[in-house]
Amino acid sequence: MNKKLLNEMNDQINKEFYSGYLYLAMAAHFEAQNLGGFAKWMELQAQEELEHGMKFYSFLNDLGEKVDLKAIDQPQTEFGAPKEVFEQVLEHEKFVTGRIHLLFEMAVSEKEYAAQVFLQWFVNEQVEEEKNATEILESLNLAGDSANFLFMLDKTLGERKAD
């Protein structure tokens, strides 16, 4: 594999694990706010991000490439209201989408066909990730200051099942 692409894929492992860590920090925030449904949604999202990191890890190992694990940055520990948190989630997912697109473009330019096939799954996944964050954010925008609506949304998010 092209060394530059390999380095970026190793960086992506780190970014996926950081995403999991960030979402777990958000889950802890929601637990402290007594929003168990929001917390459960974030816990499952954190698990999903760790799985994404492991997909990159396994892909590189399957190719016989060197996996280079880097230190994971500490995420912030203070967050705002649910709407502010999901604005941050959407921005973070857009950042990840940009990273996936960069990796895909590199794989195309370097004629790394296995990487292109592998990354196509992530291109599709990011469409879903941004859609989910957008839908929750739109619901929070509709809720306004309604505690009843927030309670109902918390209940709905708590019904999320692991994929």
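What you see is a predicted model, and the numbers here were worked out from it, not measured in a lab.
- Of all heavy-atom pairs spanning G20 and E49, the tightest one is N-CB, 3.5 Å.
- Under a hydrophobic-cluster definition in which Ile, Leu, Val, Met, Phe, Trp and Tyr are linked whenever side-chain heavy atoms come within less than 4.5 Å, directly or via other members, M152 and L140 are assigned to different clusters.
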Could you give the side-chain donor-acceptor pairs of residues 112-120 under 3.5 Å, partners two or more places apart or in another chain?
unit_1	atom_1	unit_2	atom_2	d
E112	OE2	N2	N	2.9
Q116	NE2	A107	O	3.2
Q120	NE2	N124	OD1	3.4

- Does the side-chain contact (heavy atoms from CB on, under 4.5 Å) test come out yes or no for T134 and E93, once each step is laid out? CA-CA 10 Å; T134 298; E93 289 301 334; over 6 Å; no

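- Side-chain atoms of R160 never come within 3.5 Å of backbone atoms of F38 as a donor-acceptor pair (strictly under, hydrogens ignored).
- In terms of modelled atom types and a separation under 3.5 Å, the side chain of N61 and the main chain of V67 share no donor-acceptor contact.
- Listed here is the closest heavy atom pair of S19 and V96: OG-CG2, 4.0 Å.
- Between the CE atom of M26 and the NE2 atom of H29 there is a distance of 9.0 Å, given to the nearest 0.5 Å.
- In this structure, the side chain of S58 does not engage the main chain of K55 through any donor-acceptor pair within 3.5 Å.
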- Message: L102 vs E8, test: side-chain contact (heavy atoms from CB on, under 4.5 Å). Steps then yes/no.
- Response: CA-CA 9 Å; L102 170 72; E8 290 295 335; 4.1 Å; yes

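- We find the CD-CE distance between E65 and M9 to be 9.5 Å, quoted to the nearest 0.5 Å.
- Transitive grouping of hydrophobic side chains (ILVMFWY, heavy atoms separated by less than 4.5 Å) brings V89 and L157 into a common cluster.
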- Message: Could you walk me through whether K94 and L90 satisfy the side-chain contact (heavy atoms from CB on, under 4.5 Å) test, starting with their C-alpha distance in whole Å, then the side-chain angles of each, then the deciding distance to 0.1 Å, before giving a yes or no?
- Response: CA-CA 6 Å; K94 287 179 178 180; L90 181 57; 3.9 Å; yes

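- Side-chain rings of W41 and F86 approach one another, their centers coming within less than 6.0 Å.
- How far CG of L103 is from CD of E105: 9.5 Å, rounded to the nearest 0.5 Å.
- Summarising the geometry of Y21 relative to P75, their closest heavy-atom pair is CD2-CD, 3.2 Å, with the distance given to 0.1 Å.
- Ion pairing of E159 with K155 is present here, as a side-chain N (NZ or NE/NH1/NH2) and a carboxylate O approach within less than 4.0 Å.
- Taking the side chain as every heavy atom from C-beta outward, E16 and F56 approach each other to under 4.5 Å.
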- Message: For L22 and F79: C-alpha separation, side-chain torsions, deciding distance, then whether side-chain contact (heavy atoms from CB on, under 4.5 Å) applies.
- Response: CA-CA 11 Å; L22 174 64; F79 300 91; 4.2 Å; yes

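- When every heavy atom of S109 is checked against every heavy atom of M106, the shortest pair comes out as OG-O, 3.1 Å.
- Among Q126, K131, E125, E130, the one residue that satisfies the side chain to side chain contact (heavy atoms under 4.5 Å, CB included) test with E128 is E125.
- The hydrophobic clustering, which links ILVMFWY residues whose side-chain heavy atoms are closer than 4.5 Å, places I72 and L24 apart.
- Summarising the geometry, atom OG belonging to S139 is positioned 5.0 Å from atom CZ belonging to F149; distances are rounded to the nearest 0.5 Å.
- The pair E31-K40 does not meet the salt-bridge criterion, since no charged nitrogen lies less than 4.0 angstrom from a carboxylate oxygen.
- Screening Q12, H52, H101 against F122 for a side chain to side chain contact (heavy atoms under 4.5 Å, CB included) leaves a single residue, H52.
- Minimum heavy-atom separation, L35 to P82: CD1-CG, 3.8 Å.
- Note that CD1 of I100 and OG1 of T97 are 7.5 Å apart. Values are rounded to the nearest 0.5 Å.
- Using modelled atom types, one finds a donor on one side chain and an acceptor on the other under 3.5 Å when comparing N141 with K83.
- Under the 4.5 Å side-chain heavy-atom criterion for Ile, Leu, Val, Met, Phe, Trp and Tyr, M54 and L44 are members of distinct hydrophobic clusters.
- Put simply, the side chain of E87 reaches to within 4.5 Å of the side chain of L137, judged on heavy atoms.
- For the atom pair OH (Y57) and CG (L50), the distance works out to 14.0 Å, reported to the nearest 0.5 Å.
- A 4.5 Å side-chain heavy-atom check between D11 and D68 finds every atom pair outside the cut-off.
- Under a 3.5 Å cut-off, the side chain of H92 and the backbone N or O of Y23 do not form any donor-acceptor pair.
- Clustering ILVMFWY residues whenever any of their side-chain heavy atoms sit less than 4.5 angstrom apart, transitively, puts L69 in the very cluster that holds F59.
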